[in-house]
J.: 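Starting off with a structure, shown below.
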Amino acid sequence: MKAVHEFFYMAGDWTALIIELIALAIAIFTILHALYELLVVFKMDFTRFNESETLPAGMITTLETLMVAEILKTVLVTRDAQIYDLITLVILVLVRTFLTHHLEKSVDKRREKKGKKPGESQESSEESVSITVK
């Protein structure tokens, strides 16, 4: 029975590590995509770049993915967790939740400025514009 418990502990630990690496890849891809937009698409026009949703949306996804990994690691450690570990987790979850909420509000405000409804994707509004133009 102990061997099974150790196997699941190790598998969960590796899963948390893989989730953290995925979050890192999302962050790197988001930064590279934002740089591409700034340099190539917007040609160093910071006003238009600030209206872009790429960076905030990518950061939201990264923070949510890291939160999943942190919760998984904490659940794994609960067998020998101390109150300090649990308090640290609660603080991390609260900070990341606050940041995610703030970033989502920022993205919604940008969409409202562009005349889109909050939650409406950029592609769907472009399709409707191209349909009406044709």
Side-chain angles (χ1 to χ4, degrees):
M1 187 67 172
K2 180 132 175 119
V4 172
H5 186 269
E6 286 297 319
F7 171 76
F8 282 115
Y9 179 78
M10 220 170 61
D13 200 29
W14 278 102
T15 303
L17 178 66
I18 290 170
I19 292 171
E20 286 179 338
L21 290 174
I22 290 170
L24 180 64
I26 292 169
I28 290 171
F29 176 76
T30 299
I31 291 168
L32 291 176
H33 188 264
L35 282 173
Y36 170 78
E37 276 189 344
L38 176 65
L39 299 174
V40 177
V41 176
F42 299 128
K43 296 182 178 35
M44 296 296 289
D45 183 1
F46 287 99
T47 306
R48 288 180 43 211
F49 177 72
N50 283 337
E51 295 172 359
S52 172
E53 299 170 6
T54 302
L55 201 54
M59 296 313 290
I60 288 171
T61 305
T62 301
L63 287 171
E64 289 174 349
T65 308
L66 285 172
M67 197 178 327
V68 168
E70 198 68 39
I71 290 171
L72 180 60
K73 286 194 306 188
T74 302
V75 168
L76 290 172
V77 178
T78 53
R79 66 179 182 168
D80 50 316
Q82 298 176 356
I83 192 71
Y84 175 76
D85 298 327
L86 296 177
I87 290 172
T88 303
L89 173 71
V90 168
I91 290 171
L92 280 172
V93 167
L94 288 175
V95 167
R96 288 184 179 159
T97 303
F98 172 76
L99 287 173
T100 301
H101 176 70
H102 179 68
L103 286 170
E104 283 176 348
K105 283 179 71 174
S106 172
V107 168
D108 286 344
K109 284 181 184 178
R110 289 176 186 196
R111 287 181 179 158
E112 287 173 3
K113 279 184 180 178
K114 290 181 178 180
K116 294 186 235 173
K117 298 174 192 159
E120 182 182 347
S121 69
Q122 187 174 358
E123 292 82 19
S124 65
S125 66
E126 288 174 357
E127 288 173 8
S128 65
V129 169
S130 65
I131 290 171
T132 56
V133 171
K134 287 181 183 178

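Values in this document were obtained by computation on a predicted structure and should not be read as measured data.
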J.: Is it possible for you to say whether Tyr36 and Ile28 belong to one hydrophobic cluster, with membership spreading through side-chain heavy-atom contacts below 4.5 Å?
T.: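 As far as the 4.5 Å side-chain criterion goes, Ile28 and Tyr36 are not connected within one cluster.
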
J.: Show your working on side chain to side chain contact (heavy atoms under 4.5 Å, CB included) between Thr97 and Met67 and close with a plain yes or no.
T.: CA-CA 9 Å; Thr97 303; Met67 197 178 327; 3.8 Å; yes

J.: Compare every heavy atom of Ala69 with every heavy atom of Ile19, then report the nearest pair and how far apart it is.
T.: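 Residues Ile19 and Ala69, closest heavy atoms: CG2-CB, 3.6 Å.
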
J.: Using side-chain heavy atoms (C-beta onward) and a distance below 4.5 Å, is Val93 in contact with Glu70?
T.: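 Heavy-atom side-chain distance check fails, nothing below 4.5 Å.
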
J.: Nearest 0.5 Å, please: how far is CD1 in Ile22 from OG1 in Thr62?
T.: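 One gets 11.5 Å once the value is rounded to the nearest 0.5 Å.
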
J.: Would you kindly confirm whether Leu103 and Leu94 end up in one hydrophobic cluster when ILVMFWY residues are joined by side chain heavy atoms under 4.5 Å apart?
T.: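 Not linked; separate clusters.
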
J.: Which pair of heavy atoms, one from Ala16 and one from Leu72, lies closest together, and at what distance?
T.: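 The answer is N-CD2, 3.7 Å.
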
J.: Membership question, hydrophobic clusters at under 4.5 Å side-chain separation (ILVMFWY): are Ile60 and Leu63 in the same one?
T.: yes

J.: Check for me, please, whether Ile87 and Val95 land in the same ILVMFWY cluster - side-chain distances under 4.5 Å, paths through other members count.
T.: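 As far as the 4.5 Å side-chain criterion goes, Val95 and Ile87 are connected within one cluster.
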
J.: I need the Asp45 CG to Asn50 CG distance, nearest 0.5 Å.
T.: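 Separation between the atoms: 9.0 Å.
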
J.: Measuring from Ile31:CD1 to Leu35:CG, what's the distance to the nearest 0.5 Å?
T.: 7.5 Å

J.: Out of curiosity, Lys109 NZ to Lys105 NZ, how far, rounded to the nearest 0.5 Å?
T.: 5.5 Å

J.: Does any non-hydrogen side-chain atom of Met44 lie less than 4.5 Å from one of Phe42?
T.: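 No. Closest side-chain heavy atoms not under 4.5 Å.
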
J.: Would you check if Thr30 and Thr61 make a side-chain contact, meaning some heavy-atom pair closer than 4.5 Å?
T.: no

J.: Look at the rings of Phe98 and His102 and say which category their plane angle falls in: under 30° parallel, 30 to 60° tilted, over 60° perpendicular.
T.: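 Parallel, since the angle between the ring planes stays under 30°.
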
J.: I'd like to know if Leu99 and Ile91 are part of one continuous hydrophobic network [Ile/Leu/Val/Met/Phe/Trp/Tyr, side-chain heavy atoms within less than 4.5 Å].
T.: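 Result: yes, single cluster for both.
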
J.: How long is the gap from CZ on Arg96 to CE on Met59, to the nearest 0.5 Å?
T.: 10.5 Å

J.: Give the minimum heavy-atom separation between Ile26 and Gly58, together with the two atoms involved.
T.: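 Here Ile26 and Gly58 meet closest at CG2-O, 4.0 Å.
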
J.: Test side chain to side chain contact (heavy atoms under 4.5 Å, CB included) on Glu64 and Thr100; report intermediate values, then the result.
T.: CA-CA 8 Å; Glu64 289 174 349; Thr100 301; 3.6 Å; yes

J.: Grab the two heavy atoms, one from Ala57 and one from Val107, that are nearest each other, plus how far apart they are.
T.: N-CG2, 4.3 Å

J.: Exactly one of Leu39, Thr54, Leu38 should register a side chain to side chain contact (heavy atoms under 4.5 Å, CB included) with Phe49. Which one does?
T.: Leu38

